[in-house]
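Structure record follows, encoded as structure tokens.
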Amino acid sequence: MEWWGAPSATTNFLRDFYSGQERFVCVQEHFAAFPTSGSCSLLQGCPFSPFLLNCLMAYWSRVVEREVPGLSFGVFLDDRTLWACDRDPIPLLSRGVEVGARIDRLCGFELHPNKLESFGTSDSVREGLMELADTVGIPQVDFKLLGVRYRTQGQAVYAAEDITSDLKERGRRIRMVALSSKLRARLVAILMISKFRFCAPWVRFLAATIDGWTSQVEMTIWGRKTPSGRSACLFWNVVAGLEQHPRFALHSAALTHEWRRLGSGAGGTPGPRVGAALQALGWQLEGNSWATSSGAFSTGHISERGFRGELRRAWRDHLWAVDTKTGGPISAGSFPVWSELGRHTEAGTFASLRVACGAAQDGRDLQRLGGSLPCRCGVLTPSRHHLTFDCIADAWTLDRRTEVERRMLTPLVHPDQAPPSVSANEDLAISAVVQALMACPDDEIPILALDGGAISGFHGAEWQRASWAVAGPGGLLASGEVPTFEQSAAAGERWALRIAALAVARVGREVRVLQDNLALVVKLSRWKASRVLRHRELWTFWDDIATAIPWLLAYWVPSHGKKQKWCPPVDWPDASICRQMNDWADKGASAVLDHYRIWISSLRGRVDAANQWAADVVRKQARVTEPFQKAIRERMSDRRHSL
């Protein structure tokens, strides 16, 4: 390895790792009297094995890239794919294979002819590849790479029929081994949705194909034939999870890829599926600004969690609008509360899932099987709605709400208008922090404490408010509301760090920063140590922080008196002072939100009332439809025995 030019730090580490490695050899339950030390190669299962193989392949890649410019290639451990897009790609590929074979001989690699496969997009290219068949394999029209089958002819790059057959087989196996709907939903995400989600930004699948995948996924999660009368909106939101909906998986993957492309500044043009995904969710995209039904946000100021949350919200509203039980879009400013339906599915029975999806069995289902069970009030074929709300023998005495809410068993909350936000001048806040830093003597290192807070009435940015605060040794320096779309405690803590960083950059001196967000502190420390930060979200935020990285000394402080034995680093202020500063910042962020507390309290009251109504409705419908479920099971059992 050292002859190959491996770094001495790596070889010394490996030498030290293997210096004390000894193994007892066992043959037919008889152990050797003395241990054996490894003298060459690596132990079986050693984690350094793929690492060292990647080192050799890095050398292989570097030589091929240098000697064959214009040739593209991909490497996965010792598997390689070479391709060229020139008008005459054969000479490039031939040269690449020749150079690669030379490096293979030096590395001790052997060619496996049965693993060779080549592909071309035209007859002339495939004819040229036939002359290299001994070293690249017989050219194919369709080929498989890392388990994914590709096509070089036709409209679809990927063979949708292969995906469909795989989904059917995997769904069948999931139904065989998974007993609960929750486990089946998790396995669907891992084994079925992953089969096509990765290519969503670039590939268009036919609507009929996606509908077929949706049916396969739904039947897999149900564990049997999909029941009639169910609400698709309730099923995907309450039972399966929106991420398991194939169409949503495709749209969210396309938009998430576009969001990352814009944030990273990678350039290029939007993916071919971005427009269709935006139209499906009712969004608009202009430059770096995303406009949604709940507000607008900038690409660089929202986290991946916040972005995915908005995707789920948009798809929830879409499913509500197209559901056969709702009759149209959800009313503006309202949101559904179905946590009680989710709790009801925890029983895991088929009957509980039917109730949660608005498909509880009733007299109509029994009549189709030739049976009859009248309601207590005399109605011969009672519906679930009649049994729950209209039966005079078991009267519903609570609020009836709207017809849509009764059919969906889902209350809608209509909150009051939120109080206007308290505008804060960011420049004044930064100037206040700058003055405090400049007032610190030159022979001392200033210290700041940062914190953020949030108050929430329900899930969703419009029902939450976030704030930030910066404190010094003498008390609160600045505070305000978070002006970005995302409203969470983490967003408040990030904004406090941003204000402090912009102030530190103006002053240009080292500043100690205390924050109770451990993830932020760790990321800052690693960035400062390595000078490299590869972020996949919040690009604008991290660009602002970058201006102050050379002067920021961040350390974590536990909040609210936790971790009594916590101590700051040596030469920092005493632990009691650090905790007091953190407390000032915490109270400052909390005080900013005071004028929202009445509104949030009212909103929470409405949510609690909605949950109570839903709990009563679900319990009653499960109770009054149970006799019909039993009668239907007996009827089905008699039919099976008669066959």
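Nothing here was measured: the structure is a model prediction, and the numbers come from that model. The first residue in the sequence is number 1, and the count goes up from there.
- Taking 4.5 Å as the limit, some side-chain heavy atom of Arg400 sits within range of a side-chain heavy atom of Asp390.
- For Ser334 and His414, the side-chain atoms include at least one donor-acceptor pair closer than 3.5 Å.
- Contact record, Leu412 with Arg401: O-NH1, 3.4 Å, taken as the closest heavy-atom pair.
- A donor and an acceptor atom, one from each side chain of Thr269 and Arg261, are nowhere located under 3.5 Å apart.
- Counting only residues at least two apart or in different chains, salt bridge (charged side-chain N to carboxylate O under 4.0 Å, His left out) contacts with residues 221-232 comprise Glu218-Arg230.
- The closest side-chain heavy-atom distance from Val355 to His344 is below 4.5 Å.
- For Ser637 and Glu634, the side-chain atoms include no donor-acceptor pair closer than 3.5 Å.
- Shown here for Cys357 and Leu234, the closest heavy-atom pair between the two residues is C-CD1, 3.7 Å.
- Defined by atom type and a distance below 3.5 Å, a donor-acceptor pair is present between the side-chain atoms of Asp616 and Gln612.
- Ala614 approaches Pro411 most closely through the heavy-atom pair CB-CD, 3.8 Å.
- Between the side chains of Gln367 and Thr381, not a single donor N or O lies within less than 3.5 Å of an accepting N or O.
- Ion pairing of Glu169 with Arg172 is present here, as a side-chain N (NZ or NE/NH1/NH2) and a carboxylate O approach within less than 4.0 Å.
- A donor atom on one side chain and an acceptor atom on the other are found under 3.5 Å apart for Tyr596 and Glu481.
- Considering only heavy atoms from C-beta on, Leu242 comes within 4.5 Å of Leu319 through its side chain.
- Between Ser215 and Thr226 there is no side-chain heavy-atom pair separated by less than 4.5 Å.
- Residues Arg312 and Glu243 are paired through a salt bridge, judged by an N-O separation under 4.0 Å between the basic side chain and the carboxylate.
- Using bins of under 30°, 30° to 60° and over 60° for the plane-to-plane angle, the ring pair Trp222/Phe235 lands in the parallel bin.
- A salt bridge does not link Asp323 to Lys325: none of the charged side-chain nitrogens sits closer than 4.0 Å to a carboxylate oxygen.
- When the shell of 6.0 Å around CD of Gln279 is examined, it contains 12 or fewer heavy atoms from other residues, nucleotides or ligands.
- With no hydrogens or angles considered, a side-chain donor-acceptor pair links Glu486 and Ser303 at under 3.5 Å.
- The 12-atom threshold is exceeded at CG of Leu398, counting heavy atoms of other residues, nucleotides or ligands nearer than 6.0 Å.
- Put simply, the side chain of Ser294 reaches to within 4.5 Å of the side chain of Phe485, judged on heavy atoms.
- Neither side chain, Arg407 nor His385, offers a donor N or O lying under 3.5 Å from an acceptor on the other.
- Thr164 and Trp213 get closest at one heavy-atom pair: OG1-NE1, 2.9 Å.
- Counting heavy-atom neighbours within 6.0 Å of Gln417 CD, excluding the residue itself, gives a total of 12 or less.
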Worksheet entry | ring pair (Phe, Tyr, Trp, His ring centres under 6.0 Å) assessment of Phe119 paired with Trp83 | CA-CA 9 Å; Phe119 58 91; Trp83 70 91; 8.2 Å; no
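- With a 6.0 Å radius and a threshold of 12 heavy atoms from other residues, nucleotides or ligands, Ile138 has its CD1 atom at or below the threshold.
- Residues Asp211 and Arg247 are paired through a salt bridge, judged by an N-O separation under 4.0 Å between the basic side chain and the carboxylate.
- Under the 3.5 Å distance criterion, the side-chain polar atoms of Thr214 are matched with a main-chain donor or acceptor of Ile210.
- In this structure the side chain of His301 never reaches within 4.5 angstrom of the side chain of Trp539, judged on heavy atoms.
- In Arg623, the CZ atom is crowded: over 12 heavy atoms of neighbouring residues, nucleotides or ligands sit closer than 6.0 Å.
- Inter-residue side-chain proximity for Gln621 and Leu387 is flagged as unmet; no heavy-atom pair is nearer than 4.5 Å.
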Discussion item. Does Arg260 form a salt bridge (Lys or Arg N to Asp or Glu O under 4.0 Å) with Glu537? I'd like the steps, not just the answer.
Written reply: CA-CA 7 Å; Arg260 289 195 179 122; Glu537 59 179 356; over 6 Å; no
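- Remark: Trp290 engages Thr299 in a side chain to side chain donor-acceptor pair (under 3.5 Å) (not counting sequence neighbours).
- Salt-bridge check for Arg606 with Asp416: passed, with a basic side-chain N closer than 4.0 Å to an acidic carboxylate O.
- Among residue pairs with one or both ends in residues 336-360, those qualifying as salt bridge (charged side-chain N to carboxylate O under 4.0 Å, His left out) are Glu340-Arg343; sequence neighbours excluded.
- In the displayed structure, Gln284 atom CD is contacted under 6.0 Å by at most 12 heavy atoms of other residues, nucleotides or ligands.
- Taking every heavy atom of both residues into account, Leu191 and Arg170 meet most closely at O-NH1, 2.6 Å.
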